[in-house]
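What follows is a short report on a single structure.
For clarity, every value in this text was computed on a predicted model and none was experimentally measured. Below, chain A is the first sequence line, B the second, and so on; all start at residue 1.
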Amino acid sequence: ADGYDGLPRTFLWNPNFNEVIDTSSYAGDGPFTIGFSNASQGDGWLGTFYHSVQYGVSENLDKIGRFIVTDANGDPTKQISDIQDLLEQGIDLLLVNPATADALDPILGRTMRRGVPVVTVARRVESDSSFVSFVTASDTALARMSATWMAETLNGKGRVVLLPGLAGASPAEMRLQAAKEVFAQFPGIEIIDTQYTGWSPANGRQIMAAIIQREGAGNIDGVWADSGLQGSGSVEAFIGAGVTGADIPPHTGGDLNGMYQLAHENGFPFAGIDYTPSIGAAAVHLSVDVLEGTPVPQRLDVNFQVVISPGHETRSISADVLLPDYVAMDRPGELIMGSGIPDYDPTSFSVELPN
Amino acid sequence: MIRLDGISKIFPGVKSLDNVTFESVAGEVHALLGENGAGKSTLIKTVSGAYIPDEGTIHFDGKKRKWNSPKEAKDAGIHIIYQELVLFHELSVAENIFIGKAPLTRFGTIDYKTMYERADEILDRLGHHINVQALVKSLSVADQQMVEIAKALVGETKLLVLDEPTAVISGREAELLFERIKLLRDEGVCIIYISHRLEEIFSIADRVTVLKDGQLVGTRSIEELDRDQLVGMMVGRELKDIFPPKRIPSLEAAPVLTVRNLCALPKVRDVSFDLHAGEILGIAGLVGAGRSEVAHAVFGSIPRSSGTVSLGSEDFNTPSPRASIDRGLGFLTEDRKEEGLMMLLDTSANISAPVLPEFTTATGLDRAHEIQVARDEIDRFRIAVPGPESGVSKLSGGNQQKVLFGRWTRACRRVLILDEPTRGIDVGAKVEIYEIIRQLADDGLGILLISSELPEIVGLCTRVLVMREGFVTGEVEGSRIVEETIMRYATAERESAALDVA
Amino acid sequence: MSEAAVNPSEGISKIFRQPGRFIVPLSLVLLVGTATLLQPSFLSINNIQDILTQAAPLALVVLGQAFVILVRGLDLSVASLMASAAVLATAFNATSDAMIPVIFLVTIVVSAGVGLINGLLVTKRNVSPFLATLAMMIVLQGIRFYYTQGAPSGSLPEGFRVLGAGRLAGIPVNMLVFFFFFCILGWLLHKSSFGRKIYITGGNPKSANLVGIHADRVTIICYVICSVMAGIAGLFLVGFVGTVDNWVGRGYELDAIVACVLGGIMLTGGKGTLWGAATGALILILIFNIVIILGLPVQAQLIIKGIIIIFVAGLFSRSTQT
Amino acid sequence: MAYSKSRYLVRRLQLDPSLIIVILLLAIVVISGFVLSDRFGTTRNFMNVLEQSSGLGFASIGQAMVVIVGGIDLSIGAVVTASTIFMAAIVDLHPGLMIPMIFGTLLFGAMIGFCNGYITIKTGVHPLIVTLGTASILNGSVLIYTLQPTGGVPYWFEEFAYGRIWNVPISGLVMLLCFALVWLFLRYFQAGRAFYAVGGNPEAARLSGIQSNRIILLAYSASGFFAALAGVYFVSRTGVGDPRIGDPITLASITPVIIGGLILGGGKGNVLGVLLGVILISLLSNLLNYMNISTFIQWVIQGVIIIIAVSVYVHKGKKL
Ligand SMILES: Nc1ncnc2c1ncn2[C@@H]1O[C@H](COP(=O)(O)OP(=O)(O)OP(=O)(O)O)[C@@H](O)[C@H]1O
Ligand SMILES: Nc1ncnc2c1ncn2[C@@H]1O[C@H](COP(=O)(O)OP(=O)(O)OP(=O)(O)O)[C@@H](O)[C@H]1O
Ligand SMILES: [Mg+2]
Ligand SMILES: [Mg+2]
């Protein structure tokens with residue numbers, strides 16, 4: 001689908017300047033050995049993200065001689081050990097998707113001081129000196145846009161439920177904060193409940209069912225979810241409570257094809273923004289740039305696109321793609337969107353990797 | 001030395017002790033007697049601080065005491081050898097002996113070297129040699145009992161209580177124990193001794209106190225009493241004949257159980273015998289001789305190394321308890337609690353366990369039938385239990401044993417193996433059990449009776465196998481069944497025994 | 001006979017003499033009462049249906065877990081097995097409801113295999129149930145993720161939605177299924193001779209062998225039952241949730257154990273009822289539901305959950321001690 | 001009989017025969033490492049593994065002590081988490097309190113452990129349930145305070161986790177020291193031996209005049225203490241207090257304990273075995289990283305190795 005391909009949205013908004021980093025001190029001759037310390041492959045998004053990383057590697061086969069992967073299974077302390085093990089194996093660059101935002105700061109700082117450049121992806125760490133570049137799709141921008149859409153769809157008035165992801169996980173917290181910031185601009189919007197869902201459809205459904213029970217389905221005017229993972233659970237809860245079709249209040253949340261399918265089938269107002277997994281491939285490309293001595297931005301924002309159900313664009317949020325053009329009705333509901341890989345199918349995905 | 005006044009202890013549903021008064025002085029052996037469940041163990045547990053009495057006072061060493069924990073009683077110089085072994089299987093013999101009192105180095109750490117040496121010394125005094133560094137779990141029950149006794153000889157003991165210490169040790173060790181007890185008595189220690197073996201009482205006790213149903217019957221000097229009077233005090237009635245009359249079974253018919261060259265190494269070596277219907281065949285021997293293992297090997301609950309076992313004309317060489325039960329064999333084990341009863345279940349379930357298939361119908365377990373059967377057994381053996389659906393955990397030892405008799409008479413059609421069927425059971429209950437055994441034999445069962453109490457073997461059996469170290473060292477019959485002969489075989493070297501038999 | 005003729009006042013006084021048996025229903029009543037006071041709509045048909053629909057998958061797992069705990073075991077692999085069953089179900093990529101029985105059959109067979117391995121490790125190799133099932137949990141997780149490469153996909157027949165979240169005459173379908181298994185397993189445990197063997201084995205494995213019961217075999221069957229129930233619960237949970245993910249049922253293993261304990265099943269084996277276990281599951285789900293209905297934030301939910309669990313278990317153990 | 005010291009040196013360590021399997025597996029892991037990678041078998045790497053194993057090591061010592069007295073502690077992860085927050089948050093505000101706060105945090109952990117023990121004793125509820133409950137309460141409280149990593153410690157404190165003395169990691173040394181001290185305590189002190197008595201036969205312990213409640217309280221307090229030490233280590237390693245950091249450590253701490261020959265149910269085992277278990281698991285994870293195979297396969301291998309470690313040698317008598 002033809003989506004948004006302008007300048008990164010945060011590039012326009014961000015009050016801070018984006019530095020360009022001189023990487024000539026890291027320049028070397030290939031083929032390079034890159035170590036990739038992944039936080040986890042524990043859910044659909046992470047699985048697709050990892051495929052995107054592999055896809056990026058396969059596009060640079062001529063430059064990458066070895067690509068060593070470790071997986072911390074969500075545990076920052078294991079990730080620190082993983083990084084130490086990668087360093088012992090003589091990597092030229094460390095690509096890292098931190099399990100939590102701050103905990104890896106010391107070890108990444110040490111890595112940089114050892115002269116091994118660090119590229120972080122999806123999450124960054126506190127100190128600028130602990131990495132060369134950070135590749136992301138902006139959590140803040142994503143949440144601001146979806147929250148703005150929600151507020152405008154409700155004409156600035158209504159009772160809204162917030163369903164953030166995993167308590168304490170930095171993307172969830174950043175998105176939640178951004179959304180709250182936006183909703184605070186609309187005095188008519190009342191946030192009636194905020195419940196963490198752990199990005200689990202099951203939790204999303206269970207929690208929403210209880211809220212519907214408490215408030216009555218008719219008294220909920222909108223559900224802001226930071227991802228379709230729990231958003232789909234929320235829609236299911238409404239359907240379970242007998243509210244179907246366009247009667248379902250406006251929802252937000254992207255990523256999960258199932259969410260798009262539900263929105264398409266039922267026709268309620270919907271805005272989906274994927275936290276695009278294609279940042280994986282982008283990070284690999286950037287890593288190669290670093291090793292070749294090409295200057296890189298300190299922060300690389302990968303574009304996401306805004307998907308909106310037909311007729312539900314608002315004053316400031318317009319669709320890059322309309323829902324019917326984006327949803328993959330013939331594909332499984334579990335599919336994660338926005339991988340950037342042509343004809344992506346997670347089960348059959350396979351690319352050629354170095355050794 | 002110790003005086004208990006008006007002690008009462010109530011458990012939910014049972015008044016274990018009812019206004020009991022008891023006194024014992026330094027330098028005497030005071031025997032405490034009574035039927036199962038009379039409250040003996042409960043009484044001494046109030047002495048030791050394990051239970052806090054509901055009423056009454058305790059005076060010890062001239063002062064009124066109120067223990068809040070066993071530790072306080074222990075610190076005051078009271079040492080108790082409980083009926084249940086109080087041992088730690090993963091600790092060594094020496095550590096068990098010195099638990100809480102280990103000799104320390106000047107850094108406050110345990111001085112293992114000294115501890116081992118002193119443990120050796122104490123066991124020496126008891127005339128019993130065990131590797132003091134061995135873990136207690138590797139010991140036989142008899143050795144474990146000796147460790148338990150050895151604990152009493154550590155530190156200063158003013159009052160020593162022994163609750164059935166001889167239940168699992170052999171005659172020679174019991175002799176040494178008695179010598180030790182007498183020595184301690186002469187040193188001025190006050191000793192309270194509990195046992196169901198009346199011979200022992202007469203050989204060491206100075207005074208006797210009898211309890212019945214939690215109440216005091218009386219305290220007498222041993223000289224005032226003879227055996228019958230003592231039994232009378234305990235049971236509350238005259239017990240004329242302890243053993244029912246023997247009946248010589250017909251040995252014409254083929255044996256119901258034939259065992260040939262049975263080995264279950266290392267404890268059973270080359271055991272052969274025949275058992276006929278209606279016969280009570282005894283297996284005697286010292287504890288540790290391997291008698292229980294013979295029973296287990298026949299029953300199929302431990303693996304056999306070699307040899308054959310046949311029931312009637314039927315060999316069965318893929319042994320398992322299930323196969324044995326299906327062929328009409330029953331086995332009443334020596335350890336009621338660990339290997340016998342299911343304490344969490346009710347009486348009827350305990351009785352029906354081996355023959356569950358009999359109660360299984362298309363719609364499940366036939367509870368009504370099961371309960372009926374249990375009720376029959378309860379009536380038949382006069383088990384003192386409120387009903388088939390009440391639990392077994394709080395029954396007295398004798399009644400628990402009768403429940404097991406109910407179980408096995410129900411399950412077993414041809415051969416019943418009884419391993420120590422009267423262990424820890426009072427005289428009254430014993431007599432009843434002897435009658436039951438007699439009756440079962442008369443009904444045509446072959447009975448294999450294992451017992452460490454020689455009078456029992458002598459009084460009941462028409463033929464006796466004697467074992468030592470896994471071998472059968474002799475077989476005695478008829479008038480030769482007297483304690484001396486049996487003991488001779490039980491302690492004989494194998495070769496000399498073989499000579500003797502020849 | 002004599003049981004039937006108990007006079008009514010006897011029943012009342014029993015509560016005071018044997019409080020242990022009544023703690024569980026009592027806490028249930030208390031919880032429902034509190035919830036209704038706080039939120040009058042709590043007792044509405046709709047909410048009850050909802051709670052039951054949510055409770056069913058956990059309750060199914062609890063039924064199985066009860067069997068394992070009764071034979072002195074513990075199964076930490078149930079949640080991992082639930083997710084694996086869910087992933088397995090999507091592997092068929094079936095779209096027709098006709099495939100549902102096949103999916104169930106395959107799931108049951110595979111789960112039984114897992115239970116068999118757990119049981120064999122525990123009995124024949126004497127591995128601590130905690131560790132055996134913990135390792136099984138990790139292994140299943142590895143296989144599942146390897147198969148899905150982290151991102152499950154594939155579709156489920158529509159019929160699963162009906163099974164997991166549908167209603168039949170107003171009653172949640174999965175609740176009916178739970179009721180079905182509750183009756184079957186209840187019969188098995190409390191009425192059949194196999195159930196008796198379970199209690200004998202759990203209470204005293206040594207005696208069990210000596211009365212001709214193959215204690216190992218009974219134990220293994222209990223693990224198989226537990227795993228099969230977990231597999232089935234996984235299918236119902238995925239039907240309820242609507243999407244498969246690799247962590248379906250995460251946390252159910254500890255919840256199931258807690259539910260069993262709350263329901264009065266002794267972790268040392270041999271004691272407890274299926275009825276109690278099911279009530280324990282309901283209590284736990286009620287606790288989850290109530291903290292959400294109260295609109296409490298996640299943190300307070302955790303705190304309240306912890307306090308209630310300790311409190312109820314404390315009441316229970318208090319009343320069973322002498 | 002005379003008991004010379006040398007004669008019983010082997011017995012003194014009191015290692016369980018089943019540990020032969022663990023030692024064998026360790027050997028297999030090391031040898032495969034040498035074969036599969038030329039960078040695995042270096043002192044540097046082994047020192048790295050020693051450093052990496054410290055967190056698990058600290059948590060496992062505490063778990064082992066509780067398991068020996070017949071309990072289990074499922075709140076270890078929550079205590080680790082709470083300690084990291086407690087320490088990082090306070091030190092962030094008052095950097096001068098760094099050193100006292102190390103001890104403060106350890107005390108804090110010990111106090112939580114004490115509460116676990118106290119509730120277990122007073123209510124008679126199975127420790128599995130009690131500690132799950134306290135873990136839930138603790139996690140909730142931590143999340144009320146913060147949802148995100150928070151606080152910070154002075155840079156020099158990183159030395160605890162990353163520093164080396166004579167090329168040996170400080171954290172690894174501290175861990176080895178803790179194991180040695182606990183081993184000595186359990187072997188050479190009356191209170192230590194009482195751990196085995198209480199775990200092996202609680203009623204007998206009571207009748208023997210051992211104050212079981214004190215021992216149980218001591219065990220749980222120690223567990224909390226060592227969990228807090230793991231927390232301190234993690235703060236040093238990550239530089240922050242993290243409200244989720246302890247989650248994986250709870251179940252992880254049990255594995256080396258059982259591999260090391262302890263039995264859930266208590267009364268048996270040796271913490272040196274637990275140390276072997278910790279090292280086996282850390283080395284295995286290290287080796288698997290070197291092999292660059294899919295994480296998912298790594299999980300399968302880990303599960304299988306754990307099973308092998310405890311199932312080849314059949315233990316007699318089982319408990320939970
Ligand atoms: N912990 C307990 N709970 C309930 N009842 C008990 C308890 N301990 C003992 N009893 C009951 O108290 C009574 C006295 O038991 P006790 O063990 O003192 O008898 P005993 O004279 O030692 O018998 P035995 O000769 O069999 O050892 C029995 O009826 C027994 O069932
Ligand atoms: N270390 C032990 N741990 C558990 N049970 C044991 C141990 N040692 C022996 N037993 C059991 O205790 C009982 C008595 O054992 P012991 O060795 O004293 O005599 P035995 O071999 O059974 O022979 P007998 O029946 O002639 O006394 C047996 O059932 C035996 O299996
Ligand atoms: Mg007694
Ligand atoms: Mg014997």
Side-chain angles (χ1 to χ4, degrees), chain B residues 11-13 295-296 299-302 320-327 329-333 335-346 348-368 370-372 375 386-389 393 404 407-408 411 417 419, chain C residues 1-6 13-14 16-21 69-72 183-218 264-274 318-322:
Chain B
F11 290 111
H296 278 284
F299 191 63
S301 43
I302 60 170
S320 76
R322 184 75 260 160
S324 302
I325 292 167
D326 290 344
R327 286 173 174 76
L329 211 65
F331 179 23
L332 195 150
T333 51
D335 191 336
R336 271 200 296 280
K337 270 197 189 131
E338 293 293 318
E339 301 177 337
L341 292 169
M342 276 73 78
M343 292 299 179
L344 295 171
L345 293 179
D346 68 10
S348 65
N350 269 288
I351 290 176
S352 66
V355 284
L356 274 182
E358 206 178 293
F359 301 102
T360 307
T361 64
T363 57
L365 206 60
D366 187 348
R367 255 319 253 169
E370 187 185 26
I371 288 176
Q372 190 49 50
R375 193 163 284 138
E389 288 170 278
S393 58
L404 290 175
R407 169 194 292 179
W408 289 113
I417 307 172
D419 194 358
Chain C
M1 274 291 157
S2 59
E3 283 298 290
V6 185
S13 69
K14 221 176 187 173
F16 296 102
R17 273 189 289 115
Q18 287 179 294
R21 298 174 57 177
I69 297 182
L70 278 173
V71 293
R72 301 187 170 189
C183 292
I184 299 230
L185 293 178
W187 175 85
L188 189 68
L189 186 61
H190 296 298
K191 295 284 174 223
S192 78
S193 61
F194 180 71
R196 177 64 61 72
K197 289 181 189 172
I198 291 177
Y199 281 103
I200 293 178
T201 304
N204 191 342
K206 246 188 196 167
S207 313
N209 276 320
L210 287 168
V211 294
I213 290 168
H214 301 285
D216 283 359
R217 202 182 292 168
V218 172
I265 297 191
M266 284 201 326
L267 281 173
T268 44
K271 202 171 174 193
T273 62
L274 211 57
R318 251 300 128 80
S319 57
T320 47
Q321 287 164 1
T322 46

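Applying the side-chain contact (heavy atoms from CB on, under 4.5 Å) test to Asp346(B) and every residue at least two apart in sequence or in another chain returns Ser348(B), Ala349(B), Arg367(B), Glu389(B). Qualifying side-chain contact (heavy atoms from CB on, under 4.5 Å) partners for Met266(C), counting only residues two or more places apart in sequence or in other chains: Leu344(B), Thr268(C), Lys271(C).
By the 4.5 Å heavy-atom criterion applied to side chains, Ile213(C) and Phe194(C) are not counted as neighbours.
With a 4.5 angstrom heavy-atom cutoff, Leu341(B) touches chain C only via backbone atoms. Of the two parts of His190(C), neither the backbone nor the side chain holds a non-hydrogen atom closer than 4.5 Å to a non-hydrogen atom of chain B. The part of Ser352(B) that comes within reach of chain C is its side chain, from C-beta onward, which places non-hydrogen atoms under 4.5 angstrom from that chain. For a residue to count as touching a neighbouring chain, one of its non-hydrogen atoms must lie under 4.5 Å from one of that chain's; by this rule Thr333(B) touches chain C with the side chain only.
A salt bridge is defined here as a Lys NZ or Arg NE, NH1 or NH2 lying under 4.0 Å from an Asp or Glu carboxylate O, and Glu370(B) with Arg375(B) fails to meet this definition.
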